[in-house]
There are 2 protein chains.
Amino acid sequence: MKGIAQLAQQLGISTGTVSRALNGKPDVNAETRRRVLEAARSQGYAPNHAARALAQGATHQVGFMIQLAPENASSNDYFFMGVFDAMQRVLDKHELDLLVLPCPSHQDHYTYLQRFVSRSAVDGMILASTMRTDPRITLMQSSGIPFVTLGRSSTGSGYSWIDLDFETAVETAIDRFVARGHRRIALTLPDGEINFGSVVHQSYRQALARHGLEYDEQLVLTTHRREDDGDGVVDRLLALSAPPTAIFLMYELTAIGIYRRLRERGLEPGRDLAIISFRDEPTIRFIEPSLTCFHISLDDVGIALAHALLAQIPQFSKAYPGGIIGKRPPVTLVAGRSDACDPPA
Amino acid sequence: MKGIAQLAQQLGISTGTVSRALNGKPDVNAETRRRVLEAARSQGYAPNHAARALAQGATHQVGFMIQLAPENASSNDYFFMGVFDAMQRVLDKHELDLLVLPCPSHQDHYTYLQRFVSRSAVDGMILASTMRTDPRITLMQSSGIPFVTLGRSSTGSGYSWIDLDFETAVETAIDRFVARGHRRIALTLPDGEINFGSVVHQSYRQALARHGLEYDEQLVLTTHRREDDGDGVVDRLLALSAPPTAIFLMYELTAIGIYRRLRERGLEPGRDLAIISFRDEPTIRFIEPSLTCFHISLDDVGIALAHALLAQIPQFSKAYPGGIIGKRPPVTLVAGRSDACDPPA
DNA sequence: CTGAAAGCGCTTACAG
DNA sequence: CTGAAAGCGCTTACAG
C-alpha cells in the first residue's frame, strides 16, 4: 500500500477524508484535518501527480515553450530567466507550477507543442517567439487549452498576447535621431519570419513618414543575432552613395561588429554614426561608448503573462478580470553616448 | 467518450488493442496496427499524459532543475540552453521529454525539488548548481528516482555527477602564468556555498605548491557574478605591499570591472596585469584585449548528463553501460591577449 | 491476435 | 463530518 491509502490506514480514516483534508475542502473536522496535515508533512507525502491530474482533469502545471537555437529570435536567455522568475511569483499563489519546455533546435516547433497539448500535459501554455504566420496559435485555439503568446502574430485573433513595445521604441529612437538633425536613418531587422520584424519595419516607415522623411530600402538591412553581422552592415551602408548618419538596431549584438568595423575604417561610433539599439541586454552592457537603448521590465512581462493566462483559467478568472487582452509593457529609454552626435555638416 | 475509447469505438476494436498498437507491442495484427496508427495520426490523438503515467508508473519525463537568480553561481543562461539542446538529442531517441524546472529565486530549492519528487512527476532528474553541502542529494537518493548532478558536492556518495573540469583549467592557467615568470598569482572565487568554489580553491593551492610558490590568502578574493566586483578586486590587490602580477578569475564578468578599474588607475590589462578567466562566455567575448579563457563543449556536457541519467533508468540502462559515474568533459584553452605579458622586472 | 477486466492513485458526488 | 464507491483514461496480465 502506498500514497494516500497508506496515510489513511495509518490514521484509521478513509482515503476520501484524507483527500478532502489535504485539499482544504470545507466540512472536515478541524482535528482530523490537523492530524492528516501533520502526518502528510512528517512523511513528506504529496499526492501523486498523475493520479491527481487524472482525477481532477487539471495538472496544476503551466508550460512555457521556448525555442533553443543559437539565435532564438526576439529574446535571449537572460530575458527568459527574468520572466520565469516574475511569472512564478504570481503562479505560486495558485499552486501552479511553471514547466519550461525548451523545444530543441532539431525539432519542429509545431510538432513539439502538439505533443504536450494533445496529451493534456498542462493547464495553460505560454508561447514565445511568435512568427508572422504561426500555426501554433490555431493549434492552441482548437485545443481549448488557455494560452498566451509572448509576441503577436497575424495568425488568428481573439487570443491574449503580451509583447514588447517595439512601436514606442522605434518611434522614440527615430524622434531622437531626427531631433539631432539626422535624416538618413538606417535600420537592422531580424532575419526570418519572427513577427516583431514586421512590427518594427512598419513602425519605422511610419515614424519616417511622420517626419517627412523618405523611406529608402537600401537603409534597411537584415541581421542575425550575431555580432559578426555588424561588420557587413557597416560595409554595406558605407558603400552607399548617401550613407546613413544614424542607425537603429534590433539585435544588440550587431553593435559589437559595427563598433569594430567602424574603427577598422577609421570611424568612431557615437561620433561618425549615431546608434540606438533596442534592448539593454547584459551582453552589451559594457560596450564603449555606451549604447543608447531601451529598458524593459522583465517583471512586467512575467506578471502580465501570468495575469493574462490566469484570466483564462475558469478557476482563477474571477481574480484576474480583463479576459482576452493584448498588452505591451512600457519601454524606457536608457540614454547612452552612442547616439550623442549630430550628423556631419 | 474521448481519448482511446473514442478511437477504439470508431475502429470497432477494444481499447486494449488500440493501446497495444499505439505502444508498438508485438502480437498486433499488422493491418490493425496500421489502421490504429492512421486514425491516431489523422485525429491528432496522443495518450493522455496523466492516465498513461498512472497506468505505467512512468512519466517519460526528465526534470532539469535550475536556479533562477541574478547570480546563479556556476553557470549562466547561455550555458544551460546549450546543454538542454544537446541533452534532448539523446533523450529524444527514447521518447523522453525534458522539462526545465526553474526554481524561483524566492523559493527554497529543497522544498521546490521535494514537491516534484514526492509527486513522482518525473522519471529522472538533473540537479544543477550543487552546493558544498547539498541536502537535495540525500533527498534524491532516498526517493529512489534516478538523478545526476551537474556539479559535485561533499554530500553523499555513490551517485552520478558531471562537472566542469575546474582542476585542469586552474592548473593550466597557473602553469601558463608561471611559465611567463609570474610568482604572485591572485584568484577570485565565487561567493557562497557553491561547490566548485572549493574545488578551484584547492586546485589553486596544489598548483602553487607544485611550482614551489607560497599560498597567500591575501591574493584570494571572493566575487559575485557581477562586473562591479572587478573594481574592488583591483583596489584591494593593488593596495597590497606586494601586489600580484597575474590573476585567475572564476566569473568572467569580473574582468569587465577589472579592465575598467585598471585603466582608471593608469594601468593596462594584459600588460600590467596578466588575466585568465574560466569560461568563454558570450558576455565577454568582445572585450579588449581578448580574454584568455577555457572553452567547454556544451554538447559534451549535455550528452554526458543524458547518458549518466539513462544508465540509471532500468529500461535504458543496457544501452548506456557504465552505471554510476563521475565525469568531467574536457576544457580547452582559448588563448587571448589578456595574459600575454611578463611580470614587471 | 484480440477482448474483458483489473488496476494505477487520486478526487468527488452521494448517502448517511 | 465521514465512508463507500465510482470514475478519471490509460496499460497490461490473463484467457481464449
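All chains are named by letter (A, B, ...) in the order of the sequence lines, taking the proteins before the strands, and each is independently numbered beginning at 1.
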Round to a whole Å and report the spacing from [atom1] of [X] to [atom2] of [N].
X	N	atom1	atom2	result
B/His49	C/dC10	NE2	P	16 Å
A/Glu31	D/dT2	CD	P	10 Å
B/Lys25	D/dC14	NZ	C1'	15 Å
A/Leu7	C/dG9	CG	C1'	12 Å
B/Arg35	C/dT2	CZ	P	10 Å
B/Ile13	D/dT11	CD1	P	13 Å
B/Leu11	C/dG3	CG	C1'	15 Å
B/Asp27	D/dA15	CG	C1'	14 Å

It should be established whether [X] places a side-chain nitrogen or oxygen under 4.0 Å from OP1 or OP2 of nucleotide [N].
X	N	value
A/Tyr45	C/dC10	yes
A/Thr32	D/dT2	yes
B/Ser19	D/dT11	yes
A/Asn48	C/dC8	no

5' priority, DNA chain C, between A/Gln56 and B/Pro26 [closest heavy atom]: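 Residue closer to the 5' terminus by nearest nucleotide: B/Pro26.
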
Closest-nucleotide 5' rank along DNA chain C - winner of B/Val28 and A/Ala46: B/Val28

Base D/dG9 to side chain A/Arg119, donor-acceptor N/O within 3.5 Å cut-off: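 There is none.
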
Could you tell me if [Y] and [X] have a donor-acceptor pair between their side chains, going purely by distance under 3.5 Å?
X	Y	answer
B/Gln107	A/Asp92	yes
A/Ser105	B/Asp85	yes
A/Gln43	A/Gln10	yes

Aromatic plane relationship, B/Phe64 with B/Phe84 - under 30° parallel, 30 to 60° tilted, over 60° perpendicular: perpendicular

Parallel, tilted or perpendicular, as decided by the 30° and 60° cut-offs, for the rings of A/His307 and A/Tyr320: tilted

Watson-Crick or G-U pairs under 3.5 Å in DNA chain C, rendered as dot-bracket with [ ] for crossing pairs and | for another strand: |||.||||||||.|||

Residues A/Arg35, A/Glu38: salt bridge by 4.0 Å N-O rule: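 Judged by the 4.0 Å cut-off on N to carboxylate O distance, A/Arg35 and A/Glu38 do not form a salt bridge.
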
Electrostatic pair A/Arg89-A/Asp299, nearest N-O below 4.0 angstrom: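 Salt bridge flag = yes for A/Asp299 with A/Arg89.
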
Ignoring the backbone of [X], work out which of [options] is nearest its side chain.
X	options	answer
B/Ile4	D/dT2, C/dC1, D/dT11	D/dT11
B/Pro47	D/dT11, C/dG3, C/dT11	D/dT11
B/Asn29	D/dT2, C/dT2, C/dC10	C/dT2

Matching residue for A/Arg52 among A/Ile4, A/Asn23, A/Thr59 - test: side chain to side chain contact (heavy atoms under 4.5 Å, CB included): A/Asn23

Nearest-nucleotide comparison on DNA chain D, the residue closer to the 5′ end among B/Thr17 and B/Lys2: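 With B/Thr17 and B/Lys2 compared, the 5'-side residue is B/Lys2.
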
B/Arg20 or A/Ser14, whichever maps to the more 5' nucleotide of DNA chain D: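 Final value for this comparison: A/Ser14.
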
Sugar-phosphate, base or nothing in reach of B/Gly57, heavy atoms under 4.0 Å: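 Answer is nothing: B/Gly57 stays at 4.0 Å or more from every strand.
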
